[in-house]
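Heads up, the thing below is written out as structure tokens.
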Amino acid sequence: MVSRFVFGLGLLSATALVHPAFAADARTLQIFVSKDKQSLAVYDGTEVVATSKVSTGKDGHTTPSGIFSVLEKQKYHESNLYSNAPMPFMQRLTWSGIALHESNSVPRYPASHGCVRMPGAFAKMLYGMTGNGIPVIISDGELAPQPIDHPNLFRPETSVAMPLLSDVELRPSIPDSPLKPVQVAMNDTAAMPMPVAALMPKPEIEPPSEPISMLITRRTLRETVIDIQTLLNQLGFSAGDPDGLLGPSTVQAVTAFKTLRPAEFAGDRSLISDRLLKAVYAAAGKGEPPNGVIMVRKAFKPVFEAPVTITDPGLALGTHFFTLHAVDEKAGTADWLGITLENNLSRETMKRLGISNQESSIVTGKPIARSLSRITIPDETRRKIDALIAPGSTLTISDTGLGTETGEGTNFITITRG
């Protein structure tokens with residue numbers, strides 16, 4: 001959520017408050033934690049507004065690196081994992097037990113059981129600055145958001161005003177004689193055939209105020225099964241609800257579909273395969289199946305998801321995170337900020353995802369622009385998202401899908417190092 005706040009506070013010597021006070025308008029904040037530096041920085045756009053030392057997880061209890069957001073806040077919390085240890089001004093990042101919180105022991109080296117410890121005064125101040133949903137980026141090295149301008153990033157749609165008059169010559173509206181009818185200029189209906197209602201000024205539409213969270217990633221078995229269920233239902237097979245689960249109805253529908261095409265599936269022993277997906281798409285007249293997906297959440301709840309296409313699928317997309325800092329509805333512009341996180345994939349993961357080269361996972365050159373340029377989003381999906389974006393909206397691009405930490409009551413959580 002976008003946080004609105006005004007504050008000023010003297011802090012301990014280990015903490016720096018760069019900006020003494022904020023205006024009452026909304027600020028789009030991000031929190032960056034560096035495990036190498038054992039430091040935390042709060043950004044408003046590209047401006048650092050507060051910093052502090054921290055202590056992250058020690059050996060055996062390493063704090064995971066990745067993209068998180070504040071899921072829950074409690075002024076006083078006791079650990080469910082470690083003997084009810086106090087965790088004042090707790091801001092939860094995962095439901096599995098990772099959080100930001102106050103501690104009396106912040107030695108500026110890894111010392112916690114996985115959480116990010118902060119000095120008391122700073123923890124209290126930070127608690128007052130944030131709201132649920134604020135992004136928290138944890139990485140080994142220091143990262144800082146940079147302005148990103150790319151045609152594939154979302155921006156509000158501008159409404160084109162329709163002219164009330166065409167190019168007809170204006171005629172006087174005051175008659176020469178009271179007996180003559182009044183002549184007025186009208187639209188040339190032959191040149192502009194549309195109903196009068198379409199020519200009337202449209203009422204101002206309130207722009208979205210609640211940010212959304214988006215993830216672009218490769219399709220997994222779940223998305224493949226959802227597509228197969230949806231299309232088989234359209235083709236007259238009873239595949240059950242499109243839930244991504246291989247229940248009895250789905251298995252029976254897939255088997256029936258294959259039985260009608262024995263030559264096409266000769267030697268195909270797997271229930272779900274690329275061959276099946278392509279055959280179902282072809283039977284439904286949908287062309288080639290997509291290899292990517294964009295998912296949208298709002299207030300920690302799924303809104304919708306839609307297919308996208310990733311070119312050069314053998315090349316890793318890398319892990320990139322974007323925040324929408326500001327929107328100008330009238331101009332149709334959006335100020336996006338972006339970072340790239342190092343995320344080296346294991347051989348097993350690369351094999352599972354069909355990746356032969358993960359050059360894009362390395363933070364060199366222009367990995368953000370390269371990855372964005374490889375993603376094709378259908379126009380209908382883009383228009384739908386353009387209408388939803390608001391300051392504070394976020395977009396993650398990742399090869400590795402939803403991840404185990406993403407679930408009910410979360411935004412999209414991406415772990416780059418466990």
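Annotation: side chain of Val303 is not in contact with side chain of Ile212 (no heavy-atom distance under 4.5 Å). Side-chain atoms of Pro156 and Ile389, non-hydrogen and from C-beta on, do get closer than 4.5 Å to each other. Annotation: side chain of Phe322 is not in contact with side chain of Thr394 (no heavy-atom distance under 4.5 Å). At a threshold of 4.5 Å between non-hydrogen side-chain atoms, the residues Thr319 and Ile397 do not count as touching. Using a 4.5 Å cut-off on side-chain heavy atoms (C-beta onward), Gln91 and Thr130 make contact. Two residues are said to be in side-chain contact when any heavy atoms from C-beta on lie closer than 4.5 Å; Ser55 and Gln38 meet this criterion. Put simply, the side chain of Ile228 reaches to within 4.5 Å of the side chain of Leu276, judged on heavy atoms. Considering only heavy atoms from C-beta on, Ser112 stays 4.5 Å or farther from His61 through its side chain.
Residue Asp399 holds its CG atom at 10.0 Å from OG1 of Thr349, rounded to the nearest 0.5 Å. Between atom CD of residue Glu47 and atom NE2 of residue His325 there is a gap of 9.0 Å, rounded to the nearest 0.5 Å. The CG atom of Asn132 sits 8.5 Å away from the OG atom of Ser69 when rounded to the nearest 0.5 Å. Going from atom CD of Glu102 over to atom CE of Met125 covers 13.0 Å, rounded to the nearest 0.5 Å. Rounding to the nearest 0.5 angstrom, the gap separating the NZ atom in Lys286 from the CG atom in Leu277 is 13.0 Å. Taking NE2 of His150 as the reference point, atom CG of Leu372 lies at 5.0 Å (rounded to 0.5 Å).
A donor atom on one side chain and an acceptor atom on the other are not found under 3.5 Å apart for Ser39 and Lys53. Counted by atom type alone, Asn343 and Thr416 present zero donor-acceptor pairs between their side chains at under 3.5 Å. Glu223 and Thr220 share a side-chain donor-acceptor pair at under 3.5 Å. Asn344 and Glu342 are linked by a side-chain donor-acceptor pair at a separation below 3.5 angstrom, with hydrogens and angles left out of the test. Judged purely by distance below 3.5 Å, without hydrogens or angles, the side chains of Ser96 and Thr94 pair a donor atom with an acceptor atom. Between the side chains of Thr396 and Ser398, no donor N or O sits under 3.5 Å from an acceptor N or O. Residues Thr63 and Lys35 have side chains that never bring a donor and an acceptor to within less than 3.5 angstrom of each other.
When all heavy atoms are compared, the tightest approach of Ala111 to Arg117 is O-NH2, 3.4 Å. Minimum heavy-atom separation, Leu71 to Leu93: CD1-O, 3.5 Å. Contact between Glu264 and Ala279 at its shortest, heavy atoms only, is OE2-CB, 3.2 Å. Considering all non-hydrogen atoms of both residues, Pro307 and Pro290 come closest at CB-CG, 3.2 Å. Among all heavy-atom pairs drawn from Met129 and Val49, the shortest one is CE-CG2, 4.3 Å. The nearest pair of heavy atoms linking Ala283 to Arg261 is CB-NH2, 3.8 Å.
Under a cut-off of 6.0 angstrom, the local environment of NZ in Lys384 is sparse, with at most 12 non-hydrogen atoms contributed by other residues, nucleotides or ligands. A 6.0 Å sphere centred on NZ of Lys258 holds more than 12 heavy atoms belonging to other residues, nucleotides or ligands. Residue Asp36 qualifies as enclosed at atom CG: its count of foreign heavy atoms under 6.0 Å is above 12.
Applying the side-chain hydrogen bond (donor to acceptor under 3.5 Å, both in side chains) rule to Asp274 yields no partners; only residues at least two apart in sequence or on another chain are considered. By the side-chain contact (heavy atoms from CB on, under 4.5 Å) test, Leu245 is found to be paired with Asp243, residues two or more places apart in sequence or in another chain being considered. For the side-chain contact (heavy atoms from CB on, under 4.5 Å) test, residues two or more places apart in sequence or in another chain that qualify with Met90 are Glu72, Gln74, His77, Met87, Arg92, Ala99, His101. Legend: residues meeting salt bridge (charged side-chain N to carboxylate O under 4.0 Å, His left out) with Asp335, ordered by chain and number and at least two apart, are absent.
Cation-pi contact between Lys75 and Tyr127: absent, since separation from the ring centre below 6.0 Å together with deviation from the ring axis within 45° is not met.
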Item to check | side chain to side chain contact (heavy atoms under 4.5 Å, CB included) evaluation trace for Asn411 with Phe300 | outcome: CA-CA 5 Å; Asn411 282 333; Phe300 299 151; 3.4 Å; yes
Item to check | side chain to side chain contact (heavy atoms under 4.5 Å, CB included) between Ile216 and Val308, worked out | outcome: CA-CA 8 Å; Ile216 293 177; Val308 301; 4.3 Å; yes
Item to check | Ile339 vs His320, side chain to side chain contact (heavy atoms under 4.5 Å, CB included): CA-CA, chis, key distance, verdict | outcome: CA-CA 6 Å; Ile339 58 167; His320 315 284; over 6 Å; no
Next on the checklist: Please evaluate residues Ile31 and Leu100 with respect to the criterion side chain to side chain contact (heavy atoms under 4.5 Å, CB included), reporting the C-alpha separation (whole Å), side-chain torsions for both, the decisive distance (0.1 Å), and the verdict.
Outcome noted: CA-CA 11 Å; Ile31 297 173; Leu100 310 170; 4.2 Å; yes
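In terms of modelled atom types and a separation under 3.5 Å, the side chain of Ser273 and the main chain of Ser270 share no donor-acceptor contact. Remark: side-chain polar atoms of Asn357 are not paired, donor with acceptor, to backbone N or O of Leu315 under 3.5 angstrom. For Arg269 (side chain) and Gly267 (main-chain N/O), no donor-acceptor pair under 3.5 Å exists by modelled atom type. Remark: the backbone N or O of Ala41 is not paired with any side-chain donor or acceptor of Thr51 at under 3.5 angstrom. Between the side chain of Ser249 and the main chain of Gly240, no donor-acceptor pair closer than 3.5 Å is present. In this structure a side-chain-to-backbone donor-acceptor pair under 3.5 Å is present from Thr406 to Ile413. When atom types are taken as modelled, the side chain of Arg297 and the backbone of Thr410 share a donor-acceptor pair closer than 3.5 angstrom. At distances below 3.5 Å, not a single donor-acceptor pair connects side-chain atoms of Arg352 with backbone N or O atoms of Arg347. Remark: side-chain polar atoms of Asp328 are paired, donor with acceptor, to backbone N or O of Ala331 under 3.5 angstrom. Panel note: side chain Asn152, backbone Ile375; a donor-acceptor pair is recorded below 3.5 Å.
Using a 4.0 Å cut-off between charged side-chain N and carboxylate O, Arg222 and Glu305 make a salt bridge. Here Asp227 pairs with Arg219 in a salt bridge; the nearest charged N to carboxylate O distance falls below 4.0 Å.
Each ring-ring contact (aromatic ring centres under 6.0 Å, His included) pair with one or both residues in residues 255-276, not counting sequence neighbours, appears once here: Phe237-Phe257.
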Donor-acceptor pairs under 3.5 angstrom involving side-chain atoms of residues 137-149: please list them, not counting sequence neighbours.
{"residue": "Ser139", "atom": "OG", "partner": "Gly141", "partner atom": "O", "Å": "2.6"}
{"residue": "Asp140", "atom": "OD2", "partner": "Arg417", "partner atom": "NH1", "Å": "2.7"}

